[in-house]
Amino acid sequence: MPELPEVENVVRSLRPGLVGRQITEVELPTYGQNGPGRTVLRRLLVGSTNAFRKRLCGGRVVSIRRHGKNILITLQAQGAGHGSLCLLVHLGMTGRLRFESMPEPLRPHTHVIFTLDAPGRWLHFSDPRRFGKLHLSKDEPAEIQLLGPDPLEISLEEFCARLRRRRARVKALLLDQRFVRGLGNIYADESLFRASIHPAAIGSRLRRERGARLWDAIRATLRQAIELGGSSISSYMDAEGRAGWFQQVHQVYGRTGEECFECGSLIRRIVIAGRSTHFCPACQRQQRGRTAKKTKPGERSR
DNA sequence: ATCGGTACCTGCACGC
DNA sequence: TGCGTGCAGGTACCGA
């Protein structure tokens, strides 16, 4: 769920209440819930739960930033294990970091409760589907270096150069975090619509002019989405519980069968790279000879 | 290199 | 009301 704009808003809303604060206690309410062999946290927490708790307690938050869809929290550890710590949080599809006041009843699927040295403030991590991840390490995990450039920072030149090198369909490329980091299903579809590019177009076959339009569309889409607080499709909210508004200006995502706001054609849904892909068949035409092979007669493209 | 399928999970909307 | 089905913002892994 949370893509770059949502994660960016979570990070921004975490900063004021988290930077400079000390974590005084860490509780893991779902630890051991499904029996010792299958604890809920096993998949969520990289490393042992005890080490996680021990190393984090007493740590003071130094900084927090976004890297693609990852949240990186740097802490100054306390006591014998002094030195710096890096807590990586990936929200997966349904992960949520949210400030809470303790007397409220615990929401279901709350896996980690960080007690802060600010009175009446706790930070809860919840994640119903448990696709999220928490990884505590001494240094920044090496894996994040494998991710591609940030789409808001990449230059036009580099973006076009990367496109030229890849023969995958452009929608698949946008979802590939090694191509650019931070785009997900919503913003890939919305960016392609804004650039009037068919999602099945082959990256290396896009002319420079179209590549430039895509580069521009991605940046404009992400900037506007960040501005509007992200897309709140079902339950996304920032750390202070504020919803986003970008879903109200979605042009194609989640609009299968509805009329295109530009031309009135019906928005179509196809599957690319195993993901639902929404586009306007009239505004996003396949370029003859420049796209993936056409569907054979009698073959269904759904 | 790239793709499709599967897996990981729970919740929700839908049709019957 | 209940039940089965398909779908959902994520990534990782397999074999082809």
Side-chain angles (χ1 to χ4, degrees), chain A residues 1-10 30 33-34 38-46 66-71 88-97 107-111 125-135 141 143-144 146-148 162-191 199-205 221-222 225-226 228-238 243-247 250 252-257 269-278 292-293 299-302:
Chain A
M1 123 173 298
E3 306 179 31
L4 189 152
E6 290 77 31
V7 178
E8 180 63 30
N9 274 283
V10 169
T30 58
Q33 196 166 286
N34 290 7
R38 245 180 69 83
T39 100
V40 166
L41 277 176
R42 171 143 306 176
R43 185 171 263 44
L44 236 36
L45 265 190
V46 180
R66 177 185 64 75
H67 187 92
K69 297 172 194 168
N70 296 284
I71 299 169
L88 177 149
V89 182
H90 195 297
L91 299 174
M93 293 270 244
T94 52
R96 210 157 120 174
L97 278 171
R107 276 166 223 280
H109 310 295
T110 300
H111 305 299
F125 171 77
S126 62
D127 184 7
R129 288 178 73 181
R130 295 183 234 150
F131 291 165
K133 189 171 73 174
L134 288 99
H135 182 120
E143 303 99 84
I144 69 163
L146 301 176
L147 300 181
R162 285 178 160 260
L163 261 185
R164 242 176 284 129
R165 268 183 259 136
R166 301 287 298 267
R167 272 170 298 172
R169 290 174 289 184
V170 64
K171 164 72 185 268
L173 286 180
L174 296 184
L175 291 178
D176 183 349
Q177 301 298 297
R178 290 163 308 181
F179 182 73
V180 284
R181 64 173 120 108
L183 286 178
N185 215 23
I186 296 177
Y187 299 104
D189 283 0
E190 292 298 318
S191 299
I202 302 299
S204 61
R205 294 195 196 157
T221 303
L222 292 178
I226 291 172
L228 292 180
S231 303
S232 289
I233 301 283
S234 62
S235 66
Y236 160 76
M237 290 184 180
D238 72 12
W245 297 98
F246 191 75
Q247 69 282 2
H250 285 178
V252 286
Y253 183 83
R255 299 197 60 242
T256 309
R269 174 187 178 277
I270 57 176
V271 174
I272 292 180
R275 310 295 303 278
S276 275
T277 299
H278 314 76
K293 78 168 183 224
E299 208 175 286
R300 283 278 171 76
S301 57
R302 235 197 100 123

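Chain letters run A, B, ... following the sequence lines, proteins first, then strands; residues in each count from 1.
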Discussion item. Any strand counts, and the cut-off is 3.5 Å on both contacts for Watson-Crick or G-U wobble. Which nucleotide pairs with C:dG4?
Written reply: B:dC14
Item to complete: Quote, to the nearest angstrom, the C1' distance that separates B:dC8 from C:dC3.
Response: 24 Å
Worksheet item: Does the side chain of A:R178 get closer than 4.0 angstrom to OP1 or OP2 of B:dA1 through an N or O atom?
Response: no
Response to the item:
Tightest non-hydrogen contact, residues A:G68 and A:R181, listed as N-CD, 3.4 Å
Worksheet item: Is the A:Y253-A:F246 ring centre distance short of 6.0 angstrom?
Response: no
Response to the item:
When rounded to whole Å, the CG to C1' distance for the pair A:D176 and B:dT2 reads 10 Å
Discussion item. With side chain to side chain donor-acceptor pair (under 3.5 Å) as the criterion, how do A:Y187 and A:E6 come out once you've worked through the C-alpha distance, each side chain's angles and the decisive distance to 0.1 Å?
Written reply: CA-CA 11 Å; A:Y187 299 104; A:E6 290 77 31; 2.6 Å; yes
Fill in: A:R269, nearest nucleotide to its side chain (from B:dT2, B:dC8, C:dC7)
C:dC7
Practice prompt. For A:H109 and A:S126, run side chain to side chain donor-acceptor pair (under 3.5 Å): C-alpha distance rounded to whole Å, both residues' side-chain angles, the deciding distance at 0.1 Å, then the answer.
Written response: CA-CA 5 Å; A:H109 310 295; A:S126 62; over 6 Å; no
Discussion item. Just the rounded figure in Å: distance from P of B:dG11 to CZ of A:R130.
Written reply: 9 Å
Discussion item. OP1 or OP2 of B:dT10 versus the side-chain N and O atoms of A:H109: is any pair under 4.0 Å?
Written reply: no
Item to complete: Provide, to the nearest angstrom, the distance between the CZ atom belonging to A:R96 and the P atom belonging to B:dT10.
Response: 18 Å
Worksheet item: Which part of the nucleic acid, if any, lies within contact of A:G274, taking any heavy atom under 4.0 Å across all strands shown: a base, the sugar-phosphate backbone alone, or nothing?
Response: nothing
Discussion item. Using whole Å, what does the distance between atom C1' of nucleotide C:dC7 and atom CD1 of A:I186 come to?
Written reply: 14 Å
Worksheet item: Just checking A:R275: base, sugar-phosphate only, or nothing, at a heavy-atom cut-off of under 4.0 Å?
Response: base
Worksheet, complete the sentence: Winner on side-chain proximity to A:R169, out of B:dC8, C:dG10, B:dG4, is B:dG4
Worksheet item: Rounding to the closest angstrom, what is the interatomic distance between B:dT10 and C:dT1 at atom P?
Response: 24 Å
Fill in: Distance, rounded to the nearest Å, where A:L91 contributes CG and B:dT10 contributes P
18 Å
Worksheet entry | Contact nearer the 5' end of DNA chain C, comparing A:L175 with A:S276 | A:S276
Worksheet item: For the side chain of A:R129 and the base of C:dA8, is some donor closer than 3.5 Å to an acceptor across the two?
Response: yes
Worksheet item: Does one side chain, of A:R269 or A:S276, offer a donor that lies under 3.5 Å from an acceptor on the other?
Response: yes
Worksheet entry | Between C:dG10 (C1') and A:Y187 (OH): distance, integer Å | 15 Å
Discussion item. A:K171 vs A:N185, test: side-chain contact (heavy atoms from CB on, under 4.5 Å). Steps then yes/no.
Written reply: CA-CA 9 Å; A:K171 164 72 185 268; A:N185 215 23; 2.7 Å; yes
Item to complete: Would you mind reading off the distance between A:L44 atom CG and B:dC9 atom C1', rounded to a whole angstrom?
Response: 11 Å
Discussion item. Nearest whole Å is fine: how far is B:dC3 C1' from A:L173 CG?
Written reply: 12 Å
Discussion item. Applying the 5.5 Å / 30° rule, does A:F131 stack onto the base of B:dC8?
Written reply: yes
Item to complete: Please determine if a side-chain N or O atom of A:K133 lies less than 4.0 Å away from the OP1 or OP2 oxygen of C:dG10.
Response: no
Item to complete: Please measure how far the C1' atom in B:dA1 lies from the corresponding atom in C:dG10, and state the result in whole Å.
Response: 23 Å
